[in-house]
Structure formats: C-alpha cells, structure tokens
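As the structure lists them, so they are numbered: ligands from 1, and atoms in each ligand from 1.
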Amino acid sequence: MVEKRDYYEVLGVPKNATLDQIKQAYRALARKYHPDVTKEDKAHAEERFKEISEAYEVLVDDEKRKLYDQYGHSGLTGQFSNGGFQWSDFTHATDLRDIFGDMGGFGFGGSIFDALFGFGGRGQQGPHMGQSLRYDIEITLEEAAAGGKREVSIPRSVTCEACHGTGAKDGKVQTCPSCGGKGQVQHVQQRGYSRFVSVSPCPKCRGAGRTYEQRCPKCDGKGVQLRTSKISIDIPPGIDSGMRLRFAGAGDASPDGGPPGDLFVVVHVKEHEIFRREGADLWLEMPVEYWEAALGAEVEVPTLDSKAMLNIPAGTQDDSVFRMRGKGLPHVDSRGAGDQLVRIRIKVPRKLTAEQRALLKKLSEQSPKKSFLDRLKGS
Ligand SMILES: [Zn+2]
Ligand SMILES: [Zn+2]
C-alpha cells in the first residue's frame with residue numbers, strides 16, 4: 001500500500017495555516033488538477049484531485065483537523081464511510097461550484113461531478129439507501145479511559161409494520177400500470193437521423209414498480225414510521241473528542257425497500273476538573289510546598305482511577321515535569337497507554353504560624369545577602 005502523504009504537504013501549506021490560506025491553496029490546486037480542465041495526464045490528475053480534496057475536507061473542518069494534528073491519518077478512520085476517504089465523504093461540493101463557476105461556462109461536464117454530487121441531474125434508479133443519522137454523546141474523561149457500554153435512545157424511521165414498508169393499506173400492492181412494474185419509463189427523441197433513448201424513473205410509482213389503491217393509514221403511505229430505538233453502544237477505551245463510531249444499518253429505514261442508513265455516534269469528552277488531556281497523555285498541575293521541593297519529598301498525586309506516590313528529589317524547581325509511565329489513557333487503536341505528566345507548582349504560604357515564622361526568620365538570618373548573579377545561578 002502507498003503511504004498516505006501529509007495533508008499539509010498535499011496542499012502545500014504550513015502546519016499553522018489559516019483557513020484562508022487553506023482555501024486559497026485548494027482553489028489553485030483544484031484548477032490545476034480538475035480532470036475536466038487539467039493539462040496533465042488525466043488519470044494522474046484525477047488521483048491528485050481526490051487527494052487534495054481529501055486534505056481540504058480534513059483541514060477546513062475544526063474537529064477533523066484537530067484529530068489529524070493529534071493522531072495523524074489513523075485519527076480519521078472513523079470520519080470516513082469506509083475507513084478511508086471516498087468522494088461521498090466530500091462535503092464541500094459548493095466550494096467547488098464557487099471555484100469553477102467563474103471559469104466561463106465551465107459546465108461540470110461528465111466526470112466526477114455528475115456521478116458523485118448529482119450536479120448533472122441524472123435520475124437515480126432503484127431503491128435508495130435510508131438516511132444515515134448522527135447522534136452526539138457526551139462522556140466523562142473517566143468513561144473515555146475505561147470505555148464501556150452506553151444505551152442511547154435514537155428517534156429514527158423504521159419500516160412500517162402494518163404495510164411492511166409498501167405504503168399500501170394492509171400491504172395490498174398492485175403492479176404499477178404506468179410502467180408495467182419496470183419502475184422506469186423510456187423517452188424516445190428523434191433528432192435528425194438519430195434516435196435518442198433516455199430512461200428515467202417512473203413518475204407514478206417513483207421507480208418502485210408497484211403502487212396501491214388505498215394508502216396505509218398507519219404511515220400515511222410512506223412505508224416508514226418514526227420510532228425511538230434503544231441502541232447499545234460500545235465505547236472503546238481511550239476514545240477522544242470528535243471520534244465517530246459507526247453502526248451499520250442503525251440509521252433510517254429506506255423508504256423504498258433499499259438498505260437502511262448507518263448511525264454515526266460522535267463522541268464528546270467533557271473537560272476534567274484537574275486533568276488535561278493531550279492524546280493519550282494526562283497532564284496534572286501538582287502544588288508542592290517549597291520546603292518539600294528543597295528537601296525532597298514523597299507526595300500523593302491523584303490518578304484518573306485512584307492515586308499514586310511520586311518521589312520529588314531535593315532541589316526540584318518550579319515548572320519541572322515528572323512522567324508517570326502508563327498512567328495515562330489507553331491508546332484507542334493500539335496496545336499500551338499514555339503517561340501521566342505531573343508539572344510541579346511550588347507554592348509560597350500566604351499565612352504562617354508563629355513557629356513557622358520564627359523558623360523562617362532563623363533561616364533568613366543564616367543566609368548571606370546575594371547578588372543578582374548569585375541568585376541567577378542558584379545555590
Ligand atoms: Zn404503513
Ligand atoms: Zn411505475
């Protein structure tokens with residue numbers, strides 16, 4: 001398999017590119033590689049055009065870009081319908097229209113556009129897939145770390161039981177008289193010496209090939225009904241915000257006998273009170289008394305699921321970071337876990353007891369006055 005190129009590299013923009021820079025880069029490259037206008041080899045251009053469109057799809061979307069920056073290509077597997085980018089995942093068809101709209105009568109002739117965005121208006125035939133649904137859930141950082149099951153109630157359309165999805169009262173259907181059950185009708189046009197035959201879906205039965213005299217009263221002839229379905233969701237340990245779980249066939253039922261759509265569950269992980277997440281690592285700010293830092297100490301630090309002891313060596317400075325291996329979140333797509341990183345914050349007491357004050361006074365009298373350079377070097 002060919003190694004996937006970095007999206008920033010594909011569009012030729014820096015990692016910190018602004019939305020405008022990304023749009024500009026895509027605009028220029030799209031004009032270069034669109035298969036209908038390119039001067040390059042067509043097959044190569046088509047491949048490049050898809051590649052830049054995939055990069056664009058990810059980098060102009062806040063959530064996807066964040067996942068990509070954090071996890072690279074593997075962070076996006078849940079974002080695309082088949083684990084990888086397909087043209088059907090491209091949600092910026094209107095941007096392309098903007099880009100090519102001003103090219104003087106450029107009419108989206110043939111190619112990718114007709115087939116994928118339906119710009120050409122070719123009628124789709126046969127049964128349609130039901131609509132895919134999106135459902136957002138919010139989980140705590142602890143839940144994200146442990147994973148587990150969650151039951152959700154999803155309003156979605158299901159096949160009407162009364163008419164078995166036919167839309168006919170008591171399921172009594174008849175062959176469509178308009179098309180004789182074929183679902184499509186032919187138009188013949190004579191132009192000069194040529195005959196043009198075009199086929200389109202039958203307008204009476206909308207391509208189904210069958211129709212009915214009385215519509216089903218339960219679903220008003222639609223063949224589907226709105227129901228709330230309980231769906232059990234498996235949350236993989238280590239999941240992060242913006243990741244998408246796909247449940248094949250758990251979307252809306254098809255209105256005309258096609259397969260149901262999919263359900264996409266988008267996960268949002270709540271901010272934690274004390275931990276900050278960075279991929280599989282957890283960051284914690286740990287307040288430490290300055291005498292603990294000076295003398296060294298063993299301190300108790302919280303972990304996500306309990307607590308642990310951390311050894312702070314004598315002479316520890318403010319802002320030092322200690323790494324507790326394997327105490328982070330599990331990696332969502334590989335073995336092992338991230339680390340917990342503890343950043344030391346040295347505290348100066350706001351109030352002192354009389355005894356503490358006396359001790360500190362003694363300490364200060366013992367210490368010689370220091371020049372700036374001595375202070376800088378520390379001692
Ligand atoms: Zn019905
Ligand atoms: Zn018909």
Flag for Tyr71-Asp240: side-chain donor and acceptor within less than 3.5 Å: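 Judged by distance alone, the side chains do pair up.
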Does the side chain of Arg156 pick up a donor-acceptor pair with the side chain of Ser229 at under 3.5 Å?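 Per modelled atom types, Arg156 and Ser229 side chains form a pair under 3.5 Å.
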Other than Val321, which residues form its hydrophobic cluster under the rule that side-chain heavy atoms must be closer than 4.5 Å?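 Joined to Val321, directly or through intermediates: Trp283, Leu341.
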Would you call Lys4 and Glu54 a salt bridge, taking side-chain N to carboxylate O under 4.0 Å as the test?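 Looking at Lys4 and Glu54, the cut-off is met.
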Inspect the contact between Asp136 and Arg134 and indicate whether a charged nitrogen and a carboxylate oxygen are less than 4.0 angstrom apart.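 Judged by the 4.0 Å cut-off on N to carboxylate O distance, Arg134 and Asp136 do form a salt bridge.
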Any residue meeting side chain to side chain donor-acceptor pair (under 3.5 Å) with Thr91, in chain and number order, not counting sequence neighbours: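 Applying side chain to side chain donor-acceptor pair (under 3.5 Å) to Thr91 gives Glu57.
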Taking the six-membered ring for Trp and the full ring for Phe, Tyr or His, determine whether the centres of Phe264 and Tyr135 are under 6.0 Å apart.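 No, too far apart.
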Residue and atom names of protein N/O/S atoms that fall under 2.8 Å from the Zn ion (ligand 2):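 Result, waters dropped: Cys176 SG, Cys179 SG, Cys202 SG, Cys205 SG.
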Could you tell me whether Glu213 atom CD has more than 12 heavy atoms of other residues or ligands within 6.0 Å of it?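 Not more than 12 within 6.0 Å, no.
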Pull up every protein N/O/S atom sitting under 2.8 Å from the Zn ion (ligand 1), skipping waters.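 Atoms qualifying: Cys160 SG, Cys163 SG, Cys216 SG, Cys219 SG.
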Take the angle between the ring planes of Tyr68 and Tyr7 and call it parallel below 30°, perpendicular above 60°, tilted in between.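 If you compare the ring of Tyr68 with that of Tyr7, the planes turn out tilted.
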